[in-house]
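Okay, structure first, notes after.
Here is the naming used below: chain letters follow the sequence lines, and residue numbers restart at 1 for every chain. These numbers come from a predicted model, not from an experiment.
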2 protein chains.
Amino acid sequence: MIKEKIRTIPNWPKEGIMFRDITTLLKDPQGLKEASTQLIEHCKKLDFDLVAGIESRGFILGSIIAYELNKGFIPIRKKGKLPFRTIKESYKLEYGTDEIEIHEDAIQENQKILLIDDLIATGGTAIAAVNLIQKAKGIVNNCCFVIDLPELKGTKKLKELGLDVFSLVEFEGE
Amino acid sequence: MIKEKIRTIPNWPKEGIMFRDITTLLKDPQGLKEASTQLIEHCKKLDFDLVAGIESRGFILGSIIAYELNKGFIPIRKKGKLPFRTIKESYKLEYGTDEIEIHEDAIQENQKILLIDDLIATGGTAIAAVNLIQKAKGIVNNCCFVIDLPELKGTKKLKELGLDVFSLVEFEGE
């Protein structure tokens with residue numbers, strides 16, 4: 001049911017990419033509820049203090065999980081968006097690099113962080129987020145995504161780092 | 001309680017601005033729960049079909065409200081971020097202009113939209129969002145914010161457009 005509500009946009013943001021668009025899932029009340037409920041069912045068994053959502057689609061389901069499970073929410077943002085002193089982590093893109101940040105006081109030492117984003121593909125952003133959380137002295141054992149693209153091996157890389165990875169749906173070679 | 005958990009950052013993003021930072025509220029489990037609950041208590045009395053959250057801080061509490069009240073969630077995004085065909089609305093900044101977008105199929109004709117953002121200041125973005133929703137044939141009667149800066153008159157302008165405006169806290173001349 002969740003998978004059917006995700007729209008595929010061919011050749012976006014560029015030729016050859018099949019973009020998986022969750023806006024069609026989120027605008028559907030049953031779709032939003034079902035996706036949230038399934039993530040919450042998984043996450044309520046996990047041991048964590050804070051939910052970290054990756055800007056900006058990770059904010060949507062990340063904040064719902066934090067709210068429902070009585071945790072705090074911290075945003076992981078693109079550079080220059082956070083107003084207080086930050087810790088930064090760079091990561092490679094196909095062309096060039098990008099940078100993500102969190103507030104330096106977002107995490108207390110050894111707090112356990114659940115990482116949330118909408119999609120895991122090559123894992124570049126997620127691994128940068130894990131590094132960032134570790135720089136901030138947090139511990140990240142678990143991450144959850146709405147969509148996994150297993151052919152791009154991001155989940156495999158996160159598991160090799162020792163993380164537990166959960167995704168609601170997979171898209172392969174479609 | 002909510003107001004105390006919001007941090008003020010002087011002179012950000014530029015000299016003379018007292019930036020109201022909700023990340024300190026959101027990372028606190030009781031703060032996130034209390035802010036969400038107060039917004040939900042207000043919004044459950046309203047008549048609406050979808051929650052529209054303005055990128056990106058509006059996604060955080062907007063999605064929680066949609067989830068809890070069994071509505072759909074639609075993101076209002078900065079230009080170039082949405083993968084499908086969009087409707088656009090430009091608005092003036094102090095220097096230059098900016099543009100927000102929604103998917104052209106995000107809203108069905110005459111659906112009632114609740115608009116959410118973290119803060120209302122001069123109202124430039126919120127009024128652009130109202131115009132955008134109307135272009136998409138939606139009806140927006142209600143908007144909610146965490147923070148109102150009443151001296152900047154955004155709430156007044158929205159009320160003059162016939163909207164009902166609700167904010168959790170106000171900051172004046174501090």
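- Heavy atoms closer than 4.5 Å to chain A are found in the side chain of B:L50, but not in its backbone.
- Of the atoms belonging to B:I64, heavy atoms from both backbone and side chain fall under 4.5 Å from chain A.
- Within a 6.0 Å radius of NZ in B:K135, more than 12 heavy atoms belonging to other residues, nucleotides or ligands are found.
- B:P29 and A:G72 make their closest contact through CG-N, 3.6 Å (heavy atoms, listed as atom of the first residue, atom of the second, distance).
- Using a 4.5 Å cut-off between heavy atoms, A:L25 makes no contact with chain B at all.
- Contacts between A:I40 and chain B at a heavy-atom distance below 4.5 Å involve the side chain alone, from C-beta outward.
- When heavy atoms are compared at a cutoff of 4.5 Å, A:K27 approaches chain B by way of both its backbone and its side chain.
- For the pair A:K33 and B:Y67, the distance from NZ or CZ to the six-membered ring centre is under 6.0 Å and the angle to the ring normal is within 45 degrees.
- Heavy atoms of other residues, nucleotides or ligands lying less than 6.0 angstrom from NZ of B:K153 number 12 at most.
- Contact annotation for A:P75: only side-chain heavy atoms (C-beta onward) come within less than 4.5 Å of a heavy atom of chain B.
- Connection of A:I139 to A:I102 is not established within any shared hydrophobic cluster, with ILVMFWY side chains joined at heavy-atom distances below 4.5 Å, either directly or through further cluster members.
- Counting only heavy atoms from C-beta outward, the side chains of B:L82 and A:T23 approach each other to under 4.5 Å.
- Nearest heavy-atom pair, B:S63 versus A:L32, reported as atom, atom and distance to 0.1 Å: O-CD2, 4.5 Å.
- Taking each heavy atom of A:G80 and B:W12 in turn, the nearest pair found is O-CZ2, 3.8 Å.
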Q: Please lay out, stage by stage, how B:S56 and A:R77 fare under the test side-chain contact (heavy atoms from CB on, under 4.5 Å).
A: CA-CA 10 Å; B:S56 64; A:R77 300 211 60 175; 2.8 Å; yes
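- Cluster annotation: B:L158 is not connected to B:F48 through the hydrophobic network of ILVMFWY side chains, with a link wherever side-chain heavy atoms come within less than 4.5 Å.
- Of the listed residues A:D49, A:L69, A:D21, A:I74, the one with more heavy-atom pairs under 4.5 angstrom with chain B than any other is A:D21.
- Neither the backbone nor the side chain of B:I65 comes within contact range of chain A, judged by heavy atoms closer than 4.5 Å.
- With a threshold of 4.5 angstrom between heavy atoms, A:Q30 does not approach chain B through any atom at all.
- Between A:D105 and B:R7 there is a salt bridge, since at least one side-chain N of the basic residue sits less than 4.0 Å from a carboxylate O of the acidic one.
- Around atom NZ of B:K88, more than 12 heavy atoms belonging to other residues, nucleotides or ligands sit under 6.0 Å away.
- The shortest non-hydrogen separation linking A:P83 to B:I9 is O-CG2, 3.6 Å.
- Looking at A:F19, only its side chain comes within 4.5 Å of chain B, counting heavy atoms on both sides.
- Heavy-atom distances place both the backbone and the side chain of B:A66 under 4.5 Å from chain A.
- To the nearest 0.5 angstrom, A:E55 atom CD is 6.5 Å from B:E55 atom CD.
- If you chain together hydrophobic residues whose side chains sit under 4.5 Å apart, A:V146 and A:L163 never meet in one group.
- Side-chain heavy atoms closer than 4.5 Å link hydrophobic residues (I, L, V, M, F, W, Y) into clusters, and following such links, possibly through other members, connects A:F73 to B:F73.
- The hydrophobic cluster containing A:I127 does not contain A:L114, counting ILVMFWY residues as joined when their side-chain heavy atoms lie under 4.5 angstrom apart, directly or transitively.
- Annotation: the span from A:L61 atom CG to B:F59 atom CZ amounts to 12.0 Å, rounded to 0.5 Å.
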